[in-house]
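Note sheet for the following structure.
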There are 2 protein chains.
Amino acid sequence: MADKNLQKFKDVLRSEHLKVTPQRLAVFEEVCSTDDHRDADDIYLSLKQREKAVSRATVYRTVDLLLKYNFVSRIDIEDGKWRYEHWLDCTRHDHLICVRCGNIVEFSDKNIQIREKRIAKSFDYTLVRHVLNLFGYCSDCRGK
Amino acid sequence: MADKNLQKFKDVLRSEHLKVTPQRLAVFEEVCSTDDHRDADDIYLSLKQREKAVSRATVYRTVDLLLKYNFVSRIDIEDGKWRYEHWLDCTRHDHLICVRCGNIVEFSDKNIQIREKRIAKSFDYTLVRHVLNLFGYCSDCRGK
DNA sequence: AGTTAAACGAGATTCAATCTCAATTAAATT
DNA sequence: AATTTAATTGAGATTGAATCTCGTTTAACT
Ligand SMILES: [Mn+2]
Ligand SMILES: [Mn+2]
Ligand SMILES: [Zn+2]
Ligand SMILES: [Zn+2]
């Protein structure tokens with residue numbers, strides 16, 4: 001499962017004439033190790049803690065690479081930091097974010113996606129990407 | 001129209017025991033002068049050019065204020081800068097953004113909003129805000 | 001006019017992200 | 001297996017939007 005994807009990553013690197021380096025593999029493996037939505041520094045610190053230290057610059061460079069080749073997706077919860085999540089199952093989804101505790105729930109709504117396409121078409125735009133974030137209070141945080 | 005809103009702004013300032021300063025009025029007036037989606041520095045530079053210079057710090061402070069009291073809305077087109085637009089008519093809308101030229105089209109879809117509420121409810125979240133941005137190529141930019 | 005707390009401006013600071021460049025290393029070539 | 005070559009790395013510098021600091025100014029109340 002993860003191994004198969006690791007292989008896919010290596011294949012992409014090779015086919016793009018990019019080097020298969022221990023640092024790149026470490027970042028890939030770290031990103032795939034949880035379903036969390038983490039920023040570059042979270043990933044950097046996790047690797048460091050696990051004695052698989054990779055420089056911050058390389059973490060940034062590698063997540064960009066993973067993004068480019070669709071191994072991760074990136075979300076922006078408007079706190080000034082990009083967050084990354086692995087994309088192993090390729091299930092498109094959007095996010096519902098608690099404005100107090102930061103908890104993130106994932107959802108997917110086919111009907112909204114259809115309407116988005118229709119909207120883009122009506123303005124003669126070719127849709128390439130969408131961002132749908134819902135912000136609110138989770139049940140734990142509702143009563144402050 | 002704009003005058004009526006300027007009055008409303010002054011009233012809010014006074015009711016909140018905030019001072020009605022030339023700088024705040026200048027930023028308010030500048031923000032309301034177009035329907036564009038501009039970042040703080042755009043606003044700063046426009047004011048400067050019009051010989052109504054206000055410091056950058058004050059522009060930032062004032063757009064925060066305008067946001068807090070709902071005179072502007074803020075959008076994030078993921079280029080690292082907040083953009084502001086006046087909120088005179090209070091029409092809720094979302095944005096369709098050209099990834100090449102940056103052109104922004106506004107739209108509103110009641111049905112999507114209904115579905116969003118339903119989704120939030122299903123996860124027991126109290127919705128406070130949403131972000132819906134569609135990214136694509138406009139008709140001018142489609143053929144590169 | 002005098003008082004006072006809020007607001008201002010200039011410049012310092014923060015912080016995520018990117019860049020620079022010398023040293024290292026993956027991998028293609030002998 | 002050794003050599004060559006170009007990509008990659010890490011340390012630290014840089015960028016740029018946004019925020020903060022702090023001494024000075026000013027709106028607004030008396
Ligand atoms: Mn997710
Ligand atoms: Mn708008
Ligand atoms: Zn919460
Ligand atoms: Zn365009």
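Every chain is numbered from 1 and lettered A, B, ... according to where its sequence line falls, protein lines coming before strand lines.
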Between S15(A) and V12(A) (side chain of the first, backbone of the second, donor and acceptor by atom type, cut-off under 3.5 Å), is there such a pair?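 Yes, because the side chain of S15(A) sits within donor-acceptor range (under 3.5 Å) of the backbone of V12(A).
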Could you pick out which residue, R61(A) or D64(B), lies toward the 5' side of DNA chain D when each is mapped onto its nearest nucleotide?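 Per heavy-atom nearest nucleotide, the more 5' residue is R61(A).
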Nucleotide nearest [X] (side chain, heavy atoms from C-beta), chosen from [options]:
{"X": "W82(B)", "options": "dC20(D), dA18(D), dA17(C)", "result": "dA18(D)"}
{"X": "V54(B)", "options": "dG10(D), dA27(C), dG9(C)", "result": "dG9(C)"}
{"X": "A40(B)", "options": "dC20(D), dA18(D), dT9(D)", "result": "dA18(D)"}

Polar pairs (N or O, both sides) under 3.5 Å between protein and nucleotides 23-25 of chain C?
unit_1	atom_1	unit_2	atom_2	d
dT25(C)	O2	K19(A)	NZ	3.3

Could E78(A) and R129(B) be called an ion pair, given the rule that one side-chain N must be under 4.0 Å from one carboxylate O?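 Salt bridge flag = yes for R129(B) with E78(A).
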Is the closest basic N to carboxylate O distance between E85(A) and R74(A) below 4.0 Å?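 Salt bridge: no.
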Given atom [atom1] of [X] and atom [atom2] of [N], what is their separation to the nearest angstrom?
{"X": "L25(B)", "N": "dA27(D)", "atom1": "CG", "atom2": "P", "answer": "11 Å"}
{"X": "D39(A)", "N": "dA17(C)", "atom1": "CG", "atom2": "C1'", "answer": "11 Å"}
{"X": "I43(A)", "N": "dA17(C)", "atom1": "CD1", "atom2": "P", "answer": "10 Å"}
{"X": "L67(A)", "N": "dA17(C)", "atom1": "CG", "atom2": "C1'", "answer": "14 Å"}
{"X": "E16(A)", "N": "dA26(C)", "atom1": "CD", "atom2": "C1'", "answer": "17 Å"}
{"X": "F28(A)", "N": "dT8(D)", "atom1": "CZ", "atom2": "P", "answer": "17 Å"}
{"X": "L65(B)", "N": "dT19(D)", "atom1": "CG", "atom2": "P", "answer": "13 Å"}
{"X": "Y44(B)", "N": "dT19(D)", "atom1": "OH", "atom2": "C1'", "answer": "16 Å"}

Do the side-chain N and O atoms of N5(A) and H86(A) include a donor-acceptor pair separated by under 3.5 angstrom?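 No - no donor-acceptor pair under 3.5 Å links their side chains.
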Side-chain N or O of [X] versus OP1/OP2 of [N]: is the shortest distance under 4.0 Å?
{"X": "T21(B)", "N": "dC8(C)", "value": "yes"}
{"X": "Y60(A)", "N": "dA17(C)", "value": "yes"}
{"X": "Q23(B)", "N": "dG9(C)", "value": "yes"}
{"X": "T58(A)", "N": "dG10(D)", "value": "yes"}

When all nucleic acid strands are considered with a 4.0 Å heavy-atom cut-off, which category describes R56(A): base, sugar-phosphate, or nothing?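 Result for R56(A) = nothing.
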Joint hydrophobic cluster, V105(B) plus F135(B), side-chain heavy atoms closer than 4.5 Å: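 No: no chain of side-chain contacts under 4.5 Å links V105(B) to F135(B).
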Heavy atoms, side chains only, cut-off 4.5 Å: are Y137(B) and V99(B) in contact?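 Yes - at least one pair of side-chain heavy atoms lies under 4.5 Å apart.
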Contact check, side chains of L96(B) and I104(B), non-hydrogen atoms, under 4.5 Å: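 L96(B) does not reach I104(B) side chain to side chain.
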